[in-house]
Every structure is written in structure tokens, then in C-alpha cells.
**Q** 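I have a structure I would like to understand better, so I am pasting it below and will then ask my questions one at a time.
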Number of protein chains: 2
Amino acid sequence: MTTQRPLRADAERSVRAILEAAERVLSRDPAASMEQIAEAAGVARATVHRRFTTRQALLDAMATDVVRQLDALIDEARPETAPPLVALHRITAGVLRVKLAWPFAMAWSMDPTSPLAEGQARIATRCDALLLRAQADGHLPPNTDLPWTRRVYYALLGEAAHTPTDIPDPDTLATLVLNTLLHGVGPRT
Amino acid sequence: MTTQRPLRADAERSVRAILEAAERVLSRDPAASMEQIAEAAGVARATVHRRFTTRQALLDAMATDVVRQLDALIDEARPETAPPLVALHRITAGVLRVKLAWPFAMAWSMDPTSPLAEGQARIATRCDALLLRAQADGHLPPNTDLPWTRRVYYALLGEAAHTPTDIPDPDTLATLVLNTLLHGVGPRT
DNA sequence: GTGATCTGAGACAGTAGTGTTGCAGTTAGG
DNA sequence: CCTAACTGCAACACTACTGTCTCAGATCAC
């Protein structure tokens, strides 16, 4: 939808500026107009429509970009070969980085009404596979409810990314998320 | 804003129908128009505007109603006298009931951009007080991060309410939420 | 029953956003 | 350097929603 033949350098710059501006503006107000996005990007409204024929196309581009980042980040964590908890920590920190930089795109791309069911499902599957490895290593009980576990994991990620403190460290947050996921907030016996 | 002198019986009925229709429609599409809401309520669009001068007024009324339900439900759980975990279970089940019946109003009333900061804060305070009692009874460790605990609790409530299964039982869900909150998904040692 | 209140229907003006187009001027790239 | 690609600007048609108003008729409350 967005690319047909390679764009010229300045056009490529416009695309980036628009995507980043859209993130800034929409994370503050999801109903913001194309005009507000254009203004924040420092381009004319017509230019936004030239690069993204429709508002929906812009949102899709943002979501696609985020999903691509997530896939890449999971690859880098070596989820099939690294020790499960290590891979889990890497992925958690990586996802938090993306969430902190692209909160709107992230939320939208994982929304059930978003047109990225395929990407969502692929990521969920990879997540489940890693959780199964963790289970095999005894970090999860044999009778674990896998869907519930994944949903709790997602929810904790979302919550951690909303931390009010300034400039949170993704690795610290990842530790918090995984500790909470595995052991809850109750006393360690 | 909404009530000045007691409404006539039929007007009261319209108000209820509109509120319930708004919940149905907006939980499917948060951007739905007043016309769609009116149609779902079985009244004319003008009637919606007569009862709620503005779209915002309608949303506020929904949120206010939900906050009132939450306060009542917390009262009934006797959070200051009942054993902390018992009160917590009652409240959890109650909140889940409200969340299942009023998902949109609930989300909107707890949204940071919603104009109900006061109610949100009061409920958070009551929640914290109960968590402190649980801590005093040894159900939470002494060094507990209370805000994080509360946010995890909220997140788990939200996740449990999105359970895809049909007609989930609030008490079963409450047990799941509290077990996960206190012990996580890892193996019980 | 009677008057006050509420409703549906329809029309109205006003606002705001979307997506398109044409054109003159700028910029990138071979 | 010269062409093709890109941009800003301004205008345009279009759609959709909001909020208001009027009025005739239904419904409630006393």
C-alpha cells in the first residue's frame, strides 16, 4: 500500500517524519485529525494524504512497523536456544522499549479490532513456545493455563509501560514484570 | 447536570434505556454516533439530546453511575472489618460483575482523561487501605510497592473481564485474579 | 379529566474532518 | 544540468455528526 517503487530520499524522510509525528500526536489524542499530524510532522496535510492515501493506511503502516520491530526483537532474543528465562527477559525488555517509544502504535497493533490478526497470532505463538520451554524447565507448573499466562504477561507489560516515573529503565522494568508474573506480589515463602 | 427536579416515570425510563443502549453500542464501537445510540435505545435522537444535553454529558452520566456502583459494592464488602482476603474476594467478584455488565463505562470512568479523578482517587485509596490490612495480616510482604500492587490488581481485573469464554462466573474469576495477584503463574513452592 | 410533561418526526444551521485536484516552486539524482 | 519526483498552498466537493428548534400527539400525575 505504502511503497511501490523506491521513494526518493526526501519522500522517505517525509514518511518517517509523518509516522513519528503520528505517534506523538495520537498517543496524546487518538482522535487527532490528519491536520494535527501533518502540523506536528512539519508537512502539509496534502503530503500526508499523498504518502498515506487514507487515515486507515497511516494507522496500518504504524502497526505494521511495530509488528516488524517485535518480530526482529524476538529473533534477537534467540527464544529457541537461549535459556528460557534469559530469552524471556530480553524479549520483555525489548517489548518495553518499543512500548515506551511507540505506545499508540503498539496498542493499536495489538488491538483485537486491528487488521493485523496474522502478526498478532504469530507473536502469540512464539510467546507460547517460549513459555512452554520455561515450563519444561520447571519455571511454570505442569498444569499451567497457557492462554491466561500469556494474557497476564501482556497485561503486566502494558502496566509496566505506563509507569509514571520519568525515563524508566527497560531492564529494571523487565525484572519487575517477570518477578510479578512468576511469583505475584505476595510474600516469597 | 442531568437531574433538576424528579423526572416523570416515562422520562426516567428513557434515561435508563439510553444509558443501557449507550453501553451496548459504545462497547462495540467507542466512536458510535448519538444516532446509533438513540436507535439502540428505541428513542428519537432528539430525546437523547433532551436527556443529555451533550455527548460528553451522556458519557459522564455513565461513568458516574459506574463509580457509584463501585462505591456501593465496596461498602457491602466491609473492607474495614471483614478479613482482608474475604473482603478482597468480594470486591474482586463485584468489580468483575460491573466490568462484565458495563465494560465501556467502566473503562471510561477509570481512564486518566476521564473527568472523575475524584472518584478514581477515592476508590484507589480504599483499595490501598484494604491492601494495607492484607499486608498487616502477612498476605503481602512488608516491603510491598503498593502503587505497583494496585496497578497489577487493576490490570488483572481488566484481563479477567475480557475472558473469551461465555458467561464466566465472577467468583471463579475472582479466585483466579487473586491467586495470580498473590502467587503469580509460577510453581507454588 | 385536565394540565403539565414528555415524545417522535423532521428540518435547520453549524462545525469539522476527509480525500482530491491543480499549479507553481523546490529538490534529488542520473 | 536537466528531468522526474516531490512539496506547499489553496481550493473544492463530500460526508458525517452535533446540537437546536418547532409542533402535533401521546402519556403521566394529580
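Values below: every heavy atom of this structure, side chains too, minus hydrogens, waters and symmetry copies. Chain identifiers are assigned alphabetically (A, B, ...) following the order of the sequence lines, protein sequences preceding nucleic acid strands; residue numbering begins at 1 within each chain.
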**Q** Nucleotide by nucleotide, 5' to 3', does protein get under 4.0 Å of the base (B), only the sugar-phosphate (S), or neither (-) in nucleotides 13-23 of chain C, counting heavy atoms?
**A** ----SBBBBB-
**Q** Tell me which pairs pass salt bridge (Lys or Arg N to Asp or Glu O under 4.0 Å) where either residue lies in residues 87-100 of chain A, with sequence neighbours left out.
**A**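 Salt bridge (Lys or Arg N to Asp or Glu O under 4.0 Å) check on residues 87-100 of chain A returns no pairs.
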**Q** Applying salt bridge (charged side-chain N to carboxylate O under 4.0 Å, His left out), name anything that partners B/Asp128, two or more places apart in sequence or on another chain.
**A**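 Residues passing salt bridge (charged side-chain N to carboxylate O under 4.0 Å, His left out) with B/Asp128: B/Arg150.
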**Q** Should the heavy atoms of other residues, nucleotides or ligands under 6.0 Å from CD of A/Glu39 be counted, would the total exceed 12?
**A**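 Open: at most 12 neighbouring heavy atoms sit under 6.0 Å from CD of A/Glu39.
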**Q** If the helix axis at each end comes from five base pairs, how far does the helix from C/dG1-D/dC30 to C/dG30-D/dC1 deviate from straight, to 10°?
**A**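 Rounded value for the end-axis angle: 40°.
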**Q** Excluding sequence neighbours, so at least two apart, what forms salt bridge (charged side-chain N to carboxylate O under 4.0 Å, His left out) with A/Asp171?
**A**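 Partners of A/Asp171 under the salt bridge (charged side-chain N to carboxylate O under 4.0 Å, His left out) test: none.
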**Q** The criterion is salt bridge (charged side-chain N to carboxylate O under 4.0 Å, His left out); which residues satisfy it with B/Asp65, sequence neighbours excluded?
**A**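 Testing B/Asp65 for salt bridge (charged side-chain N to carboxylate O under 4.0 Å, His left out), a comparison that skips the adjacent residues, returns B/Arg68.
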**Q** Checking A/Trp102 against A/Ser109 for the side-chain hydrogen bond (donor to acceptor under 3.5 Å, both in side chains) test, could you report, in this order, the C-alpha distance in whole Å, the side-chain angles of both residues, the deciding distance, and whether it holds?
**A** CA-CA 10 Å; A/Trp102 301 88; A/Ser109 72; over 6 Å; no
**Q** If every non-hydrogen atom of B/Ala57 is compared with every non-hydrogen atom of B/Phe52, which pair is closest and at what distance?
**A**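 B/Ala57 and B/Phe52 have their closest heavy atoms at O-CD2, 4.1 Å.
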**Q** For residues 71-84 of chain A, which residue pairs pass the salt bridge (Lys or Arg N to Asp or Glu O under 4.0 Å) check, not counting sequence neighbours?
**A**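 Listed by first then second residue: A/Asp71-A/Arg122, A/Asp71-A/Arg126, A/Asp75-A/Arg126.
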**Q** Please identify each residue that fulfils side-chain hydrogen bond (donor to acceptor under 3.5 Å, both in side chains) with A/Asp111, with sequence neighbours left out.
**A**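 Here the qualifying residues are A/Thr113.
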**Q** Could you list the residues that satisfy salt bridge (charged side-chain N to carboxylate O under 4.0 Å, His left out) with A/Arg28, not counting sequence neighbours?
**A**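 If we apply the salt bridge (charged side-chain N to carboxylate O under 4.0 Å, His left out) test to A/Arg28, skipping adjacent residues, there are no hits.
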**Q** With sequence neighbours excluded, what pairs up with A/Glu35 under the side-chain hydrogen bond (donor to acceptor under 3.5 Å, both in side chains) test?
**A**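 Listed in chain order: nothing, the list is empty.
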**Q** What protein N or O atoms touch nucleotides 26-30 of chain C N or O atoms at under 3.5 angstrom, if any, and at what distances?
**A**
| residue | atom | partner | partner atom | Å |
| --- | --- | --- | --- | --- |
| C/dT27 | O2 | A/Arg8 | NH1 | 3.1 |
| C/dT27 | O2 | A/Arg8 | NH2 | 2.9 |
| C/dA28 | OP1 | A/Arg13 | NH2 | 3.2 |
| C/dG29 | OP1 | A/Ala9 | N | 3.3 |

**Q** With heavy atoms of chain B within less than 4.0 Å as the criterion, where does contact along DNA chain D begin and end?
**A**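 Contacts span D/dC17 to D/dA29, reading 5' to 3'.
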**Q** When the distance from CD of B/Glu12 to P of C/dT5 is rounded to whole Å, what number comes out?
**A**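 From B/Glu12 CD to C/dT5 P: 16 Å.
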**Q** Can you confirm whether B/Leu59 sits close enough to B/Leu26 that some side-chain heavy atom of one is under 4.5 Å from a side-chain heavy atom of the other?
**A**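 Answer yes - side chains close enough.
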